[in-house]
Every structure is written in C-alpha cells, then in structure tokens.
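The block underneath contains the structure these notes are about, expressed in structure tokens.
The chain is numbered in sequence order, starting from 1.
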Amino acid sequence: MYVEQIMTALGLSDLQFALAVIGLLILISVAILNFKYARARRKANEQAEFSDDRTRREPGFADLDAERTEPSFGAASVVSASLEKFTIDPRIDCVITLRFDEAIAGSEILEELNDWTDSQVQANARWICEGLNADQDAAESWEELKSNSSYTELQLAVQLASRRGAIGVLELSDFCSRAQALAETLGSQIDMPSVNTMLESAKELDLLAADSDIQLSINVLFDEPCPWGNFDALMRQRGFKLARNGRQYEFYSNGVLIFNSADLDPNLSVSQLTLLLEVPLVAQEQRAFERMLGEGVEISQAAHGRLVDDNGINLSEAAVVSIRQHLDILYANLEKSGIPAGSSTASRLFS
C-alpha cells in the first residue's frame, strides 16, 4: 500500500516505477564498486610506501619476513636499483607480444609510449619495451626502440617480483590495459597471458626470492676501539675502498663488488666492524664468503680483535661449517631455478 501511495503521489506507472528502482540500484552498485576500488588503491599505495620493511636485516640465516636467532646470517637490506638498462627476461618478466601486419616506425611507437612515462606502471613496477627490427641486416633482431628504425613485432614486459614483493593486481591490470590499448591504437594482434597466470607466476617468483634473499654478516669485535685513522689505513691496506657516502668500505674483485661493511662513523673510533655479503648478488665462483671470512680474520689479527656472531659470542668452526652447508643449498636452488647468483637476472630480482 505504501509503495502504491508513492507511485500515485509521483504520478508514475508500474513500468516507470520499476525503471526508477533499477536505476537507483545501478547507482548504488557503482558507488560500492568505486569505494572498493579506492580502498584497494589506497592499500596498494600503503604497501608500496612501507615495502622497505620487507627487506629489513634480522639476526640469523632467514627469509625476509621471519625472525631467527642463528648467528651470522640475516635478511638482505635494500639495495638501490641500478640505472643499467635491462633486456626482457621471461624468467622474471611477464611478456606481452604485439604483432604488426606491416612494419611500423619506431617513432610512431615511441610517441604512443610517451604516455607511460609518468604512469603508475613506471612508478611502481619496472617495465621494458623491445622491438623486432624489420631490417634483416640489423646487428640485433630484438632491440631497444629507436625512432629511425621500423619494427614488425613489439614486446612489452613487466617485472613480476622484486624485493618489494610480487607485483600487485592493480599494477598488473594497469599494465595489461595499457598494452591492450596500445595494440588497438597501432592496429596489431596481441598475445597476452591471462592475468591469473601472471599473478600465479609472480607469487611463485616472490616465494623463490624470499627464500633466497640472504645477507651474510661477519663481525670483528676489537679489544680496544681502533682510531679512525689507523682503521682507515688498515682497510685500504687490505684492498678495501671507502664508499662515496664516506661511511662504508667496499671490497671489489675485477670491478665487481663482493662485499661491504656496515655503516661506520668516521668521527669516532671503531669498536666493531661488520662485513656484509648479499649472497644472491655475487656469483658462486667468486667464493665471496671465504674471502670475507679471510678478510675478517686478517683484520682481527692486525687490529687485536676477534670474530663474533650477532650475539657477541666467538664465532665457532661449527658455525662456519653450518654456513657453508647453507650456502651450498642456496646456490644450488638458485641455479636450479635458472637464476644463478650474480647473474643479471638475479640483480633485477633482488633489487
């Protein structure tokens, strides 16, 4: 009766009233979807903002999220992303392929890609674009896009995981939507995996990274604080270089960073030196742990110190043997996964 009174008061027929109710329900549904999307976007931004917490260093030989108490091991700290330009790698990238019926100028493709520069994809996920050069005499068939070249195929790739974690649903959806829009604009065919497949691959890659992202530490505790001048001279004598920030020492081999020290204050005497090794970033053949251990022994002997674990207890031979065994397993797992330690792929994954 109440509904009929409203219809009579408004002068609506049964059909008009039904359409009005349907329209109201649609508006409510849109409002709910917008609210959910806004909340999801806000959550994604918060995760990105606090993602550095994922890579904190904990005592122990552990993954990035679990606290352990075993001596000398820790989860890897954040390393700044390199400015090096990477090539597409299917082992860690989701690859979307665009195929053209006729070759398209690189300048035309680059003009369309300009809109991606300030996009969410560029801000939160590393993406790469390569083209298949139409020139059969080109030095490299797949290459970074050049405005004066033409291409018969295009590959767009986004990195599925890094130390920030697996790529998010919103980031991946945004990337795929842009790839589809680009395909429509350029009039190309598109070959794209399903979003669920890509998310599952990202999850598996993230689990591998979390299990393998290990930082080793060796501590040298001095009997008496070592004056900075004497300490600096000793480190340089041992082949270390002072980092640009003036607070860390770095040990290189043939131009490759093997390990480095934790932050030190150059205005104070040094009571303890901590050497750090990012295990997945250094090739196994570099024997990084053995070299770091050897340097720790030499420094402790020269400056009257001793090797200790993270709890200040003398580092035992049993602990060293255990570390070596863990390293053998870690290196084997990385090799088996197709991402050997020290490779360019590992550098991208663990950045």
[X] side-chain N/O to [Y] backbone N/O, donor-acceptor pair under 3.5 Å:
X	Y	value
Arg306	Leu221	no
Arg238	Glu295	no
Ser201	Thr197	yes
Gln286	Ala283	no
Ser188	Glu184	no
Asp93	Asp89	yes

Drop me the distance from Arg287's CZ to Leu327's CG, to the nearest 0.5 angstrom. 12.0 Å

Answer yes if Leu172 and Ile190 sit in the same cluster of Ile, Leu, Val, Met, Phe, Trp and Tyr residues linked by side chain heavy atoms under 4.5 Å apart, and no otherwise. yes

Validation row, ring centre Tyr249 to ring centre Phe231 under 6.0 Å: yes

For Leu186, the side chain to side chain contact (heavy atoms under 4.5 Å, CB included) test, sequence neighbours excluded, returns Phe100, Ile104, Glu108, Ile109, Glu112, Leu182

Take Phe175 and Ile96, measure what side chain to side chain contact (heavy atoms under 4.5 Å, CB included) needs, and give me the verdict at the end. CA-CA 10 Å; Phe175 177 77; Ile96 298 176; 3.7 Å; yes

Let me see the working for Leu307 and Leu293 under side chain to side chain contact (heavy atoms under 4.5 Å, CB included), right down to the final yes or no. CA-CA 9 Å; Leu307 298 185; Leu293 178 63; 3.9 Å; yes

How close do Ile339 and Ser343 get, counting heavy atoms only, and between which atoms? C-OG, 4.1 Å

Side chain to side chain contact (heavy atoms under 4.5 Å, CB included) partner of Cys94, the single match among Met192, Met198, Gln159: Met198

Would you say that more than 12 heavy atoms from the other residues, nucleotides or ligands in this model lie under 6.0 Å from the CD of Glu102, or not? no

Given side chain to side chain contact (heavy atoms under 4.5 Å, CB included), test Leu315 with Val308 step by step and report yes or no. CA-CA 5 Å; Leu315 188 62; Val308 299; 5.9 Å; no

Results of side-chain hydrogen bond (donor to acceptor under 3.5 Å, both in side chains) for Glu290 - residues two or more places apart only: Arg324

I'd like to know if Arg163 pairs up with Asp213 as an ion pair, taking the criterion as any Lys NZ or Arg NE/NH1/NH2 lying under 4.0 Å from an Asp or Glu carboxylate oxygen. yes

